[in-house]
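For the numbers below, each heavy atom of this structure counts, side chains included, while hydrogens, waters and symmetry mates do not.
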Amino acid sequence: MSQDVESKVKAIIVDKLGVDESEVTADANFTNDLGADSLDTVELIMEFEKEFDLSIPDEDAENIATVGDAVTYLSGKLS
Amino acid sequence: MSTRRVVVTGIGAFTPLGKSAPDFWNGLVSGKNGVRMVEHFDTTNFATKFAAQIEDYDESKYFDRKEARRLDKVAQFALIASGEAIEDSKLDLEKINKDHVAVLVGTGIGGMETFYNQSVSFHENGPRGVSPFFIPMLIPDIVSGQISIKYGFRGPNFCAVSACATGSHNIGLAYDAIRYGQADYAVAGGTEAPVTQIGISGFNSLKAMSTRNDSPETASRPFDKDRDGFVLGEGAGIFILEELESALDRGARIYGEIKGYGFSADAYHITAPDPEGNGVILAMTNALKAAGIKPEDVDHINMHGTSTPLGDVAESNTIKKVFGDHAKKINCNSTKSMHGHTLGAAGAIESIAALLAIYHGMVPPTINIENQDPECDLNYTANEAVVRDVNIALNNAFGFGGHNSTLVFQKYQD
């Protein structure tokens with residue numbers, strides 16, 4: 001499950017941020033490492049919601065700063 | 001108060017006739033045709049299935065993927081043409097004071113494709129389906145904003161929006177910004193990307209657009225008696241305007257001088273031209289007055305000439321009223337016959353055509369005049385470019401809402 005979540009999350013990040021897949025490591029920070037601005041991070045959260053058919057409250061979204069954060073959060077929600 | 005002189009020192013053109021100003025000019029004087037079938041969506045149920053389009057446009061040649069995703073085509077076209085114009089001007093961006101660079105690049109509509117896509121997404125996914133990039137990709141002023149962000153230009157920055165007169169109004173306002181000392185340089189012009197499903201549908205519903213699907217290349221035929229509406233176009237036209245002394249000091253190439261403009265309103269109807277042409281007459285006479293020139297000094301008019309049954313006659317009549325006996329000595333044209341009607345870019349793209357006519361001493365043709373409408377009885381430079389020393393050229397641009405703008409260009413002399 002987690003493997004599946006991870007690959008889907010990575011695919012979204014590669015697509016939306018236009019970064020190379022090799023840069024999308026678990027500890028990569030969206031803003032500091034992957035060049036996302038505030039609008040990009042909003043869009044990423046929206047894409048995660050769409051992909052996994054769930055709703056991510058703003059207070060949860062604020063704590064999703066890295067690729068690993070996103071995978072852990074989404075895996076938890078889906079299990 | 002004394003004002004400063006304003007010259008054009010850089011040109012960028014991203015058009016259906018060519019992706020650079022030199023290619024655009026070569027297309028114009030050779031009578032090239034930029035109209036082709038629309039292939040990027042299914043046109044089966046559309047009354048019009050063609051448009052003047054940028055040939056094989058591929059955004060990935062100009063922008064990386066992330067950049068491209070944040071830019072509607074309306075901004076992409078303008079950024080490409082601005083890049084060319086800045087390079088063409090040979091301005092040293094490391095040396096000039098960027099606080100003194102204005103950007104006035106407008107669009108009549110804004111990010112039309114973005115608006116459509118995000119509306120679809122809203123209907124499919126509800127409020128959470130709307131992208132955070134929706135608003136910044138949609139708003140017309142984002143184009144000037146994007147150009148300033150890319151180059152660090154911090155002078156006056158906004159845009160006028162006046163439908164198909166947009167490009168012209170922005171050039172006029174940029175001229176003022178330099179004339180009155182608010183800026184020393186300006187990136188000025190217009191851009192449009194309306195060849196979308198909703199764009200073609202809307203203009204078809206207005207009954208404004210040609211439906212000559214069996215012969216799209218002859219559909220844009222201003223002043224011909226069989227014209228049946230305009231042909232939609234896309235692209236961007238950009239000028240680098242510069243204060244004369246600055247241009248002389250750095251030995252810049254000067255394409256020509258802007259001598260003045262006339263802005264006015266029809267105050268008549270939202271889409272139809274005033275058959276009396278009072279607003280257009282006012283724009284042209286005010287432009288001549290502002291420029292301090294006599295009607296008989298005008299050599300060339302790049303007309304609005306959209307190829308609509310009403311518009312071409314009304315505009316031709318206004319030229320006869322303003323110029324009297326001299327009207328028939330003017331080489332008029334409508335280059336929309338080749339590059340289509342690019343809406344908010346039209347006043348800019350066609351001002352480039354008018355200015356280059358001065359610079360090269362040659363007037364591009366109006367193509368597709370097979371049987372000239374007897375009600376349109378001026379010299380439209382039919383079908384073949386004409387070699388002519390052009391000292392003064394006008395460009396007319398009129399927009400839905402009844403907005404009129406005439407710009408006056410003159411060959412540069414001390």
Working for side chain to side chain contact (heavy atoms under 4.5 Å, CB included), residues B/R65 and A/D15:
CA-CA 8 Å; B/R65 210 169 71 206; A/D15 179 46; 4.2 Å; yes
What do you reckon, is [atom1] of [X] surrounded by more than 12 foreign heavy atoms closer than 6.0 Å?
X: B/K90; atom1: NZ; value: no
X: A/D53; atom1: CG; value: no
X: A/N32; atom1: CG; value: yes
X: B/F115; atom1: CZ; value: no
X: B/E87; atom1: CD; value: no

Set of side-chain contact (heavy atoms from CB on, under 4.5 Å) partners for B/T43, sequence neighbours left out:
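By the side-chain contact (heavy atoms from CB on, under 4.5 Å) rule, B/T43 matches B/V38, B/F41, B/F46, B/K49.
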Against chain B, label A/E49 side chain, backbone, both or neither, depending on which of its atoms sit under 4.5 Å from a heavy atom there.
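Looking at A/E49, just its side chain touches chain B.
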Side chain, backbone, both or neither: which part of A/L44 has a non-hydrogen atom closer than 4.5 Å to chain B?
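Interface part for A/L44: neither.
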Is there a donor-acceptor pair under 3.5 Å between the side chain of B/R128 and the backbone N or O of A/M46?
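Absent.
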For B/P136 against A/L39, the heavy-atom pair lying closest together
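For B/P136 and A/L39, the tightest heavy-atom pair comes out as CG-CD1, 4.3 Å.
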Salt bridge A/E43-B/R70, side-chain N to carboxylate O under 4.0 Å:
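Not counted as a salt bridge, because no side-chain N and carboxylate O are separated by less than 4.0 Å.
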Is the closest basic N to carboxylate O distance between A/D37 and B/K66 below 4.0 Å?
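So A/D37 does not pair with B/K66 through a salt bridge.
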Against chain A, label B/N125 side chain, backbone, both or neither, depending on which of its atoms sit under 4.5 Å from a heavy atom there.
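Contact with chain A involves the side chain of B/N125 alone.
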